Amino acid sequence: MRHTLEQALTDAIQTAGIDCHGQALDLHAPNQSSHGDYATAIAFRLAKVMKQAPTQIAETFIQALQPAMATQATLSQINGFINITLTPSARLLHIEAKAEYPVTPRRILLEFVSANPTGPLHIGHGRWAVLGSCLANLLRAVGHRVDTENYINDAGNQIALFTASVAAAKAGEAIPEDGYHGAYIQTIANGNTDPVTHMLSQHESDLAAIGTHFDHWFREHTLHANTAIPDALAHLKTHCYTHDEAVWFKSTAFGDDKDRVLVKSDGSLTYFAVDIAYHWNKLHRDYDQLINIWGADHHGYVPRVSAAVQALQNGHTQTELTVLIGQLVSLVRDGEPVRMSKRSGDMIYFRDVIDDIGADATRFFLIHKSSDSHIELDLDLAHQKTAENPIFYIQYAHARICQLLQKVGDPPDVTIHQIADAYTEADRPLLQCLMHSTDTLLDAADAYAPHQLATYALELARHFHRFYETNPVLTSTGVQKAYRLWVIGQVQQTLQRVLGILGISAPTRM
RNA sequence: GCGCCUGUAGCUCAUCCGGAUAGAGCGUCAGUUUGCGGAACUGGAGGUAAUAGGUUCAAGUCCUAUCAGGCGCACCA
């Protein structure tokens with residue numbers, strides 16, 4: 001909605017011949033719904049260059065634009081802010097209109113989780129699983145084409161230690177000091193499947209338990225099985241040099257703070273070299289953008305991978321690399337931080353959390369905070385946190401509506417203009433909230449911030465519960481009944497859509 | 001030491017490229033109910049947005065410094 005309104009106003013400004021000196025309208029929702037549906041502070045930004053008071057500029061804008069907008073909105077001015085208040089029917093029409101997102105569709109490869117298959121997923125992996133799957137849904141919702149990928153490090157020292165640990169357990173021998181000591185090692189040893197295969201299927205089932213599925217599972221060993229690695233390194237050759245018998249990539253030429261080793265002096269490859277081959281592979285798969293979600297413990301790794309991706313494209317960037325860094329989840333027990341270590345086996349597994357508080361509550365708990373903020377999970381309070389989890393407030397709103405709609409049966413056949421007569425000012429916050437849903441989706445997608453949808457859903461549920469309290473539907477009649485049914489129907493559809501993106505169920509009863 | 005992230009109500013968090021009186025949930029206090037599901041609603045108390053400067057018509061938001069917490073600074077993966 002914001003976009004079409006902005007466009008209409010911008011056109012009207014041009015027609016009126018007003019010079020904005022490059023300033024955009026930049027519509028935003030006023031913090032008080034009574035001010036209007038949208039507002040712009042452009043008068044303040046033009047005050048200096050136009051040498052006029054903001055209030056005066058605002059008046060000029062309003063007089064020039066009001067005629068063009070007359071059928072759908074009223075423009076007004078408070079202390080220089082230009083407020084736009086839509087007519088009730090315009091508001092309803094905008095809510096009902098099929099959302100169109102002004103985005104240029106991109107082909108995106110989104111990589112996340114990418115946990116080593118040397119142990120079960122822990123709560124930290126869970127955060128990336130939830131964030132990644134929500135982001136994929138969100139980007140798809142606004143029109144992008146997204147493939148999701150889980151990269152499996154199934155080669156190298158850690159895997160060797162892991163399989164050796166299982167082998168030792170199988171033989172009844174002591175597990176190597178630097179091996180893996182979790183209880184799951186014995187479980188795998190008791191079975192007959194390959195340890196890595198076993199672990200991967202467990203990852204898959206844990207992820208499925210919160211409704212997360214990947215389009216691709218990319219296994220590192222496939223890079224070693226062909227010439228992928230030497231091919232990729234050959235492409236970097238002009239940016240490499242030999243020093244102390246090791247081969248270095250001159251990543252400082254692309255913004256890194258030091259050069260990086262690709263081939264060690266003993267002739268073996270670094271992890272980075274393999275990762276370059278992996279990204280080289282990605283670059284060949286015809287995507288416009290590569291997005292990687294990494295935990296904050298890997299943020300130091302960003303510059304060198306960005307450098308490599310730039311170098312591989314020889315400065316002609318066709319595929320953009322975006323690395324999203326999420327902060328870590330830490331655990332607290334009895335007020336003391338719990339140190340998780342995969343090797344010692346002192347872990348809180350993601351599956352335990354899901355089984356404990358349920359998939360919906362787990363997803364909401366992990367998604368409703370910005371990925372820039374740390375999550376501290378108090379194990380003793382885990383259950384209480386569940387009871388406090390606002391997801392039930394949202395789901396209850398949806399269930400309430402569904403039960404009601406079921407009782408009503410078929411909705412009456414009326415037009416927007418007919419039901420607009422039943423609008424009252426008290427409904428404005430709810431209707432504005434509904435109208436802002438497409439804006440919210442767009443903003444959240446632009447910022448790669450699906451947590452904004454969780455906040456939005458909470459807000460919408462709150463407005464709905466308030467509306468529901470004072471607007472009986474079943475006992476109302478005529479236009480009023482039709483209007484109320486329409487409103488709650490829109491709430492239901494919007495909640496279902498947003499919860500769908502968050503991967504959380506929208507129950508019809510609870 | 002250097003780099004990245006964070007610091008907002010008792011607790012957990014929002015606040016959308018700087019905008020109007022900083023908002024929710026939980027907790028707390030006082031109310032609403034024989035209701036279209038009360039897993040709800042209404043109202044109150046609770047804030048120097050870590051601290052100190054700066055930029056701006058306007059700063060929780062941008063810049064600088066300090067303090068506190070998390071994470072990272074390998075020829076590990």
Side-chain angles (χ1 to χ4, degrees), chain A residues 2 24 26 28-32 35 39-41 43-45 47-48 53-54 78-81 83 116 118 153 155-159 161 220 243-248 257-258 260-272 274-275 295-303 325-328 330 337 365 368-376 378 381 384-385 387-393 395-397 399-401 403-408 436 439-440 442-444 446-447 449 451-452 454-456 458-459 461-462 464-476 484 488 509-510:
Chain A
R2 184 185 58 208
D26 229 359
H28 64 275
N31 55 3
Q32 270 188 66
H35 282 147
T40 171
F44 291 97
R45 295 192 290 270
K48 190 168 276 181
I78 304 174
N79 297 332
F81 288 96
N83 294 320
N116 285 357
T118 53
N153 297 123
N157 294 340
Q158 299 307 318
I159 291 294
L161 278 171
E220 181 191 338
H243 176 72
D244 286 346
E245 293 176 27
V247 179
W248 295 70
D257 54 3
K258 60 177 89 158
R260 307 292 171 175
V261 171
L262 299 178
V263 185
K264 298 182 236 175
S265 50
D266 66 2
S268 63
L269 296 164
T270 60
Y271 177 84
F272 181 44
V274 181
D275 222 14
D297 52 345
H298 288 101
H299 78 262
Y301 196 64
V302 178
I325 295 298
Q327 298 302 313
L328 304 179
S330 56
F365 176 75
H368 91 279
K369 307 175 194 199
S370 158
S371 58
D372 281 339
S373 69
H374 312 267
I375 291 182
E376 199 169 85
D378 189 322
L381 291 177
Q384 279 168 268
K385 292 234 190 260
E388 291 172 14
N389 200 316
I391 185 55
F392 301 113
Y393 183 82
Q395 289 183 320
Y396 181 57
R400 260 185 150 177
I401 297 171
Q403 290 298 301
L404 183 53
L405 291 177
Q406 207 167 42
K407 281 191 183 146
V408 173
H436 291 151
D439 305 338
T440 304
L442 269 178
D443 290 343
D446 279 350
H451 80 277
Q452 292 177 2
T455 306
Y456 174 78
L458 203 50
E459 240 169 68
R462 179 173 153 73
F464 162 74
H465 282 307
R466 190 175 286 181
F467 175 87
Y468 184 90
E469 203 70 15
T470 49
N471 290 269
V473 176
L474 292 186
T475 55
S476 63
R484 290 175 178 176
I488 65 167
R509 61 191 158 94
M510 293 170 71

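Proteins come first, then strands; the chains are lettered A, B, ... in the order of their sequence lines, and each starts at number 1. Just so it is clear, the model here is predicted, and its values are computed rather than measured.
- The aromatic ring centres of A:Phe464 and A:Tyr468 sit less than 6.0 Å apart.
- Stacking between A:Tyr271 and B:C76 is absent: the ring centroid is not both under 5.5 Å from the six-membered base ring centre and under 30° in plane angle.
- B:C63 and B:G18 are spaced 13 Å apart, taking the C1' atom of each and rounding to whole Å.
- Checked for salt-bridge contact, A:Asp443 and A:Arg2 meet the test: a charged N lies under 4.0 Å from a carboxylate O.
- In this model, the phosphate group of B:C57 is approached by a side-chain N or O of A:Lys48 to a distance below 4.0 Å at OP1 or OP2.
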Original post:
Using Watson-Crick and G-U wobble pairs whose two distances are both under 3.5 Å, how do you write the pairing of RNA chain B as dot-bracket, with | for links to another strand?
Top reply: (((((((..((((.....[...)))).(((((.......))))).....(((((..]....))))))))))))....
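- When distances run from any side-chain atom of A:Ser370 to the nucleotides B:A14, B:A20, B:G37, the shortest one goes to B:A14.
- An OP1 or OP2 oxygen of B:C41 is reached within less than 4.0 angstrom by no side-chain nitrogen or oxygen of A:Tyr396.
- A:Phe81 qualifies as a stacking partner of the B:A20 base, centre to centre under 5.5 Å and near-parallel within 30°.
- The salt bridge (Lys or Arg N to Asp or Glu O under 4.0 Å) search around A:Asp257 returns A:Arg260, not counting sequence neighbours.
- Applying the 5.5 angstrom centroid cut-off and the 30 degree plane-angle cut-off, the aromatic ring of A:His35 is stacked upon the base of B:A20.
- An OP1 or OP2 oxygen of B:U6 is reached within less than 4.0 angstrom by no side-chain nitrogen or oxygen of A:Lys369.
- In the interface, the side chain of A:His298 is not paired with the base of B:G72 through any donor and acceptor atom under 3.5 Å apart.
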